[in-house]
Amino acid sequence: MAASYVALLAVSVTLPLLLLLLLLVAWKRWRWGRASRHVMVVVLGDLGRSPRMQYHALSLAKNGFSVTLLGFCNSRPREELLQSDRIQIVSLTELPRLTVGPHILQYGVKVVFQAVHLLWKLMCRDPAAYIFLQNPPGLPAIAVCWFAACLCGSKLVIDWHNYGYSIMGLVHGPGHRLVLLAKWYEKLCGRLSHLNLCVTNAMREDLAENWGIKAVTVYDKPASFFKETPLDLQHQLFMKLSRIYSVFRARSEPSDLDMERSAFTERDAQSAVVTHLHGRPALLVSSTSWTEDEDFSVLLAALEKFEQLINDGESLPSLVCVITGSADLGVCLHRSSSGLDLPMKVVDMFGCCLPVCAVNFPCLHELVKHEENGLVFEDAQGLAAQLQLLLSKFPDPAGKLNRFRENLRESEQLRWDESWKQTVLPLISDT
C-alpha cells in the first residue's frame with residue numbers, strides 16, 4: 001500500500017509538471033513564431049535627433065521586419081518612418097527635472113523611473129527577435145533591455161555611438177563618482193549583449209582591448225535623401241529665407257523686372273533659368289548636436305581672423321554662415337569625448353557633395369581625408385588659414401574648394417541602405 005501511495009503521489013506531481021513544461025514550450029514556440037520577424041529599436045533619447053537609429057528602423061522595415069521604435073518624441077522623426085506600415089512608434093515618458101535635493105539624488109530618481117517605465121513599455125509589446133539599443137545613453141537602458149530580452153527570448157544588439165561615461169566626464173570631470181560608476185556599469189552591462197555594432201574601427205579595437213567586447217564596425221553613411229541640391233531648388237530656398245533673414249536678400253534689385261534675385265542666385269522669370277549671381281558671397285554651413293564636445297568659439301574666432309584678412313586688403317568674398325542649408329563649404333567642430341566616434345553631420349555633408357573643414361581628433365581620418373574631400377584643422381588659427389586658402393579664388397571652378405567637391409561627386413559614396421545590407425543584415429539573418 002505504501003509503495004502504491006508513493007507511486008500515485010509521484011504520478012500526481014510529475015504529470016502536472018510535465019503538462020506545465022509542455023505548455024511552457026508551446027507558449028515559447030508560439031511567442032517565437034510571432035517574434036521572429038519583429039524587432040524593437042530603443043532610444044532613451046529624442047527619436048527625431050537619433051538619425052542612425054531611425055535608419056536602422058527603416059532598413060529593418062525594408063527587409064521584411066516589423067519594427068517597434070521606442071523613444072522620446074520631442075521632435076518629429078523622418079516622414080518615411082511615420083508613413084511606414086511596418087513601423088510602430090511608441091513614445092516614452094520623460095521625467096521632468098527635479099529641482100529639490102542633491103544632484104545625485106535627482107539623478108538616482110530619474111534612473112529608477114526610466115528603468116521601471118522602459119521595462120513596462122518593453123513587456124507590453126509583442127515579443128521581438130532582437131532589441132536594438134542605442135548607446136549612449138545606456139544607463140539604465142542596457143540592463144533593462146537585457147532583462148527584457150531574457151524574459152522574452154530576444155537577442156540584445158547594442159549600437160555603440162560613443163561612451164556615455166566620457167560624455168558625462170565633460171560635465172562633471174573624469175574622476176567624478178558618477179562618471180566612474182557610469183563607466184563600471186557600461187563596461188559590465190555592455191558584455192551582456194548578443195551582438196555589438198560600433199561606428200569606427202578605433203572604437204571596435206578599444207571595445208575589444210579594454211572592454212572585452214567584440215563588435216562589428218558599421219560606418220555612418222548618408223541616407224539616399226542626402227544629395228547635392230539642384231540650383232533651382234537652392235534659389236527657391238534662398239528666396240524663402242530672404243523673406244525672413246536679410247543676409248539672403250539681394251544687395252541690389254535687378255534692372256530687369258523679369259529677374260528674381262537673392263543674395264546668391266537669380267532667376268529669369270521668362271526662361272525659368274537659374275544662375276549664380278556674379279560676385280555672390282560664399283555660404284558656410286555648420287550643424288551642431290549642442291553637446292559639450294563641440295566648441296563653436298573656434299568658428300567665431302576663425303571668422304574674426306577671416307574678417308581681419310579682408311580688412312587688411314586680402315581679396316576674399318563676403319561670407320554668410322548658417323547652421324544648416326545648401327552651402328559651398330561645411331565646418332565641423334565636433335571633438336569626440338572618447339576620441340572614438342565620428343561626426344554624423346560630416347557624413348550628411350559628404351552625401352550632399354559638400355567639402356568640409358573639420359577639427360582634428362584621433363579617428364577622424366576614417367572619414368575626412370585631408371586634401372582629398374576636405375581639410376583638417378587644429379584650432380581657430382588653422383581654420384582661418386583654411387578659409388583663406390579655399391575661398392581666395394571663390395567662385396573660380398579651378399579653385400581647391402571646387403576640386404574637393406568634384407572628388408566627392410566622383411567617389412560614388414556607398415549609401416546607408418547598401419552598407420546596412422552588407423554589414424548588419426547578414427548578422428541578424430545568421431543568428
Side-chain angles (χ1 to χ4, degrees), residues 38-63 65 67-72 77-78 81 87 92 118 122 128-146 148-149 154-167 185-187 189-208 211 213-223 289 291 336-338 340-344 347-348 363 366-367 416-417 419-431:
H38 178 217
V39 177
M40 292 187 187
V41 179
V42 180
V43 180
L44 203 59
D46 185 7
L47 289 177
R49 295 177 64 184
S50 304
R52 182 176 167 101
M53 302 311 287
Q54 292 187 59
Y55 297 168
H56 276 307
L58 286 168
S59 293
L60 286 162
K62 289 177 183 177
N63 286 275
F65 292 89
V67 180
T68 300
L69 181 59
L70 297 92
F72 303 141
R78 292 211 58 82
L81 283 167
I87 299 175
L92 298 178
L118 177 58
L122 290 170
Y130 298 93
I131 299 176
F132 273 62
L133 172 65
Q134 172 184 294
N135 183 66
L139 180 66
I142 300 178
V144 173
C145 289
W146 169 79
S154 308
K155 291 181 171 64
L156 175 60
V157 181
I158 300 179
D159 191 8
W160 297 81
H161 297 194
N162 201 341
Y163 296 145
Y165 82 88
S166 67
I167 296 176
Y185 164 87
E186 208 166 5
K187 197 170 187 178
C189 293
R191 297 171 182 170
L192 300 175
S193 59
H194 291 82
L195 177 64
N196 293 276
L197 311 176
C198 62
V199 295
T200 64
N201 285 332
M203 179 171 283
R204 184 196 67 199
E205 293 167 2
D206 187 74
L207 284 168
W211 297 57
I213 295 174
K214 183 180 179 181
V216 176
T217 303
V218 181
Y219 282 117
D220 283 321
K221 299 292 182 181
S289 53
T291 54
S336 170
S337 61
S338 64
L340 300 172
D341 71 307
L342 293 172
M344 199 167 186
V347 176
D348 298 340
C363 69
E366 294 187 38
L367 177 61
W416 171 268
D417 285 336
S419 175
W420 193 91
K421 286 182 181 179
Q422 293 177 14
T423 54
V424 180
L425 185 58
L427 297 175
I428 60 177
S429 298
D430 291 344
T431 55

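In what follows, every heavy atom counts, from backbone to side chain, and hydrogens, waters and symmetry copies are set aside. Worth saying up front: this structure is predicted, and the values here are computed from it rather than measured.
Interatomic distance, Met40 CE to Leu156 CG, rounded to the nearest 0.5 Å: 12.0 Å. Between atom CZ of residue Phe65 and atom CG of residue Leu425 there is a gap of 6.5 Å, rounded to the nearest 0.5 Å. The distance from atom CD of Gln422 to atom CG of Asp417, rounded to the nearest 0.5 Å, is 11.5 Å. Atom CE of Met344 is separated from atom CG of Leu367 by 11.0 Å, given to the nearest 0.5 angstrom. Ser336 contributes atom OG, which lies 6.5 Å from atom CE of Met203 (distance to the nearest 0.5 angstrom). Taking NZ of Lys62 as the start and CD1 of Ile87 as the end, the distance is 9.0 Å to the nearest 0.5 Å.
Ring pair Tyr165/Tyr163 is parallel by interplanar angle, where below 30° counts as parallel and above 60° as perpendicular.
When all heavy atoms of Gly48 and Gln54 are compared, the pair lying nearest together is O-NE2, 3.4 Å. For Leu122 against Ala148, the heavy-atom pair with the smallest separation is CD1-CB, 3.8 Å. Considering every non-hydrogen atom in both Pro222 and Asp348, the closest pair reads CA-OD1, 4.4 Å.
Put simply, the side chain of Val42 reaches to within 4.5 Å of the side chain of Ile131, judged on heavy atoms. Looking at heavy atoms from C-beta onward, Pro136 lies in side-chain contact with Ile167 at the 4.5 angstrom threshold. In this structure the side chain of Val157 never reaches within 4.5 angstrom of the side chain of Ser193, judged on heavy atoms. In this structure, the side chains of His38 and Thr68 come closer than 4.5 Å at one or more pairs of heavy atoms. Looking only at side-chain heavy atoms (C-beta outward), Tyr219 and Glu366 come within less than 4.5 Å of each other. Side chains of Ile428 and Leu60 form a contact here, defined as non-hydrogen atoms less than 4.5 Å apart. Side chains of Pro140 and Leu118 form no contact here, defined as non-hydrogen atoms less than 4.5 Å apart. You'll find the side chain of Asp341 stays beyond 4.5 Å of the side chain of Trp160, heavy atoms only.
Judged purely by atom type and a 3.5 angstrom limit, Tyr55 has no side-chain atom pairing as donor or acceptor with the backbone of Lys221. Between the Gln134 side chain and the Met53 main chain, no donor and acceptor come within less than 3.5 Å of each other.
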Full working for side chain to side chain contact (heavy atoms under 4.5 Å, CB included) between Cys198 and Leu207: CA-CA 9 Å; Cys198 62; Leu207 284 168; 4.2 Å; yes
From CA spacing to verdict: side chain to side chain contact (heavy atoms under 4.5 Å, CB included), Glu186, Trp211: CA-CA 9 Å; Glu186 208 166 5; Trp211 297 57; 3.8 Å; yes
Pair Lys421-Asn63, side chain to side chain contact (heavy atoms under 4.5 Å, CB included): steps then yes or no: CA-CA 9 Å; Lys421 286 182 181 179; Asn63 286 275; 3.9 Å; yes
Derivation and outcome, side chain to side chain contact (heavy atoms under 4.5 Å, CB included), residues Arg52 and Val218: CA-CA 10 Å; Arg52 182 176 167 101; Val218 181; 3.5 Å; yes
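Between Trp416 and His56, the ring center distance clears the sub-6.0 Å criterion.
Among Leu47, Leu92, Leu44, Val43, the one residue that satisfies the side-chain contact (heavy atoms from CB on, under 4.5 Å) test with Leu70 is Leu92. Just one of Asn162, Ile142, Leu197, Asp159 meets the side-chain contact (heavy atoms from CB on, under 4.5 Å) condition when paired with Asn135; it is Ile142.
Side-chain contact of Ser166 with Ser338: a donor-acceptor pair under 3.5 Å is absent, judged by distance alone.
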